[in-house]
Protein chains: 2
Amino acid sequence: MTRVDSSLSVPRYVQVARTLFDEIENGRYGVGSLLPTEFELCAQFGVSRFTVREAVKQLVHQGLVLRQPGVGSRVLARHPVKQYTQTMTGITDLRQYASETTLQVTQSQLLHVEGSLARLLEVNKGETWLHIEGLRYQDDQEQPICLTDVYIAPRYRSIEGVEGAMREPLYRLLEKQFGCTIKAVQQEIRAMVLSAQLAKKLGVSARTAGLWIARRYFDERDELVELAVSVHPAERFSYRESFRRDWQLNNINTDTTH
Amino acid sequence: MTRVDSSLSVPRYVQVARTLFDEIENGRYGVGSLLPTEFELCAQFGVSRFTVREAVKQLVHQGLVLRQPGVGSRVLARHPVKQYTQTMTGITDLRQYASETTLQVTQSQLLHVEGSLARLLEVNKGETWLHIEGLRYQDDQEQPICLTDVYIAPRYRSIEGVEGAMREPLYRLLEKQFGCTIKAVQQEIRAMVLSAQLAKKLGVSARTAGLWIARRYFDERDELVELAVSVHPAERFSYRESFRRDWQLNNINTDTTH
DNA sequence: GAGTGGTCTAGACCACGAA
DNA sequence: TCGTGGTCTAGACCACTCG
C-alpha cells in the first residue's frame, strides 16, 4: 500500500512514522482505536518489524500512541501532546542552586493534619504527619534563600537524621532509609506578598514579594510521600528552566493522501 | 567477562546498561573517554548488537553517553545528569490554560532596543525589534489573566496578523510565516509586587503580588526569535508542572565488582 | 489457543570520521 | 582504508491478554 521511498535520505522508520502520524491526524485511526498490528504494518509498508517498531516508538514518544502487550497499539490523541521536554537532575535542581545549599532545620514534630493543610496535602483530616521547618542557605551567603515547611507522610514519619544542617535532599533520605523510589514530582508556583512575620524570618522588608513553591513527591504507587513548601524572597531568587523539542516528525505536510 | 544472567526476569539490555552504568560511576570509563565499541561489548557480554545498542541507548537517554557516528560512544558524565523529565504541549501550556485563552493586542510597534530591555533580550543596543503589547483573557472570564509584552527579533519583525484577538500562539505564527522552527524555550519566573499602573490594567488592587514570567524562544541556530514577558495577578494564576522519572537503572547496588 | 507487543539473535549495508 | 555507529532484514521465543 503506502510503501516507503528508499531513495530519500530520511530513514525508513521516520517515513513510516510520518505516514502514521498523518493518518492519525486525518482521523483514519481514531482516538481510542488500535493501530494495525506490527505485522500488518510490516506488510503495508513492506519493511521489517524492526523498522515498524522504531516508527511506532516515535509516536509513543510523542504521547500519540500507547503500546499494550497482548492487546495492540492504541491511539491516545489526534494531535501530539508532548512537544517540548525538559530534563533535570535531582529535585534540588528544580531550583537553580544544585546541591550548593544547606537546609538548617529549626523544628521537627508530629502534626495532626486538619484544615487548610489537609486541603494542601489532599488527604483526610486526622492523619499524623511529620512536620519539619527550616531555612535554606546558599553556601556563601548569610541570608537564607528560603523558608521551607516539609510534611512527611505517616508511613515514613519515623525517618531519622532530620536535624541540624542538612546538605542532602530530604527525599533522598527517604529513599535510602525506606528503600522507596520517588517516581514523580508535582510543582506549583505562586506569587505572594510576604507577611511581616515571614519577612522577618527571611531578613527582608515586609510587604515585598515572595515566590511560593510547593513540591509534591510521589512514590511508585502514586501515593504522596512528601510535601515541601518553600517561600523565597523575590529579590534573592528566580526560577529558571528550559525546554527543548526533540522528536523527528517536523514539517511533514507531504502529499499523503487524505 | 561480565556475562548477563538469563535466569533473571530483567531484560538483558537493562542488565548490560546497569553494568556499564556502574563501571562509569566507578571510573573504569572516565569522563571524555570512549566506551568499548558496540562489537566489543557484544563479545564482553555475550549478547547481540541489538541488546548492546538498547543498553547504550539507556545511558544516552540519561545524558551519560554521547554517540558519535564514525567515532564511538563517549562518556559525558560520571553521574546521571537527567533524572526527571517533563513534557508539555505547545508553549501555551507552559501555563495551565491550554489554548483556551485569547490574546487581545493593544499595541504593536517597532522599537529601538536600549537600556534594561537590551539586557533582558541579551542583544546589543540599537537593534530594531517589534514590540507587541496585549492582555490575555481566559475564555469565560471578564478580567485578564495577564499582561503580556512580546518582542520579536529584527529578522521576523515583518510578521503579519498581529492584531485584534489572537487565539493562536505567536510563535506558531512565526513558524508558519517564516518556515522557521522553535527548537528551545527558556523560562524564568519571578515574584513581584504590582505597581499601581500594572494593577489597574489587570483589574486588581495595587501592592498585591504578581507572577512575572519571561519566555525566550530560540530557533534551530539557537538564536533568540522572541521574548515574551507576562505578568499575572497572583490571585488569578499559579504555575503548575510535573516531572517523572523514566529510566530503568534504579536500585542497582548489585554485586558488580568494584 | 491465537495473537499481541517485548526481547533477542545473526547477519547485512551504509555514511561518516580518523589515520 | 578501516572501523564506527545508524539503519535494516528475517527470523525466533517469551509473557501476556482475550475470547
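Only a predicted model underlies this, so the values are computations on that prediction, with no experimental measurement involved. FYI, side chains are in, hydrogens and waters are out, and symmetry mates aren't considered; it's all heavy atoms of this structure. Letters A, B, ... mirror the listed sequences (proteins, then strands); counts begin at 1.
Under the 3.5 Å distance criterion, with hydrogens and angles disregarded, a donor-acceptor pair is assigned to the side chains of B:Arg167 and B:Thr102. Inspection of the B:Gln68 and B:Arg74 side chains reveals an N or O donor paired with an N or O acceptor under 3.5 Å.
Between the C1' atom of C:dT7 and the CZ atom of A:Arg53 lies a distance of 8 Å, rounded to the nearest Å. Atom-to-atom, CZ of B:Phe50 to P of D:dT9 comes out at 14 Å; the value is rounded to the nearest Å. One interatomic measurement links the two molecules: CZ of A:Arg67 to C1' of D:dT17, which rounds to 17 Å at whole-angstrom precision. When the C1' atom of C:dG6 is taken as reference, atom CD of A:Glu38 falls 9 Å away, rounded to whole Å. The nearest whole Å value for the distance from the OH atom in A:Tyr13 to the C1' atom in D:dT9 is 16 Å. Protein atom CG of A:Leu34 is 12 Å distant from nucleotide atom C1' of C:dG3, rounded to whole Å. B:Phe39 has its CZ atom 11 Å from the C1' atom of D:dG6, to the nearest Å. Rounded to whole Å, the distance from CG on B:Leu35 to P on D:dG3 is 19 Å.
Evaluation of atom-type donor-acceptor distances gives a pair under 3.5 Å for the side chain of B:Arg49 against the base of D:dT7.
Between B:Thr51 and C:dT9 there is a side-chain N or O to OP1 or OP2 distance below 4.0 Å. Checking the phosphate oxygens (OP1, OP2) of D:dA10, no side-chain nitrogen or oxygen of A:Ser48 falls inside 4.0 Å.
Between B:Arg155 and B:Glu223, at least one side-chain nitrogen of the basic residue sits less than 4.0 Å from a carboxylate oxygen of the acidic one, meeting the salt-bridge criterion.
For the pair A:Phe39 and A:Val52, the minimum side-chain heavy-atom distance is 4.5 Å or more.
Distances were taken from every side-chain heavy atom of B:Pro11 (C-beta onward) to each of D:dG5, C:dT9, C:dC8; the shortest belongs to C:dC8.
Closest of all the heavy-atom pairs between B:Leu130 and B:Arg157 is CD2-O, 3.6 Å.
Residue B:Gln68 is in sugar-phosphate contact alone, with no base atom involved, counting any heavy-atom pair closer than 4.0 Å across all strands shown.
Mapped onto DNA chain D by nearest heavy atom, A:Gly70 and A:Val52 fall at different nucleotides, with A:Val52 at the one closer to the 5' end.
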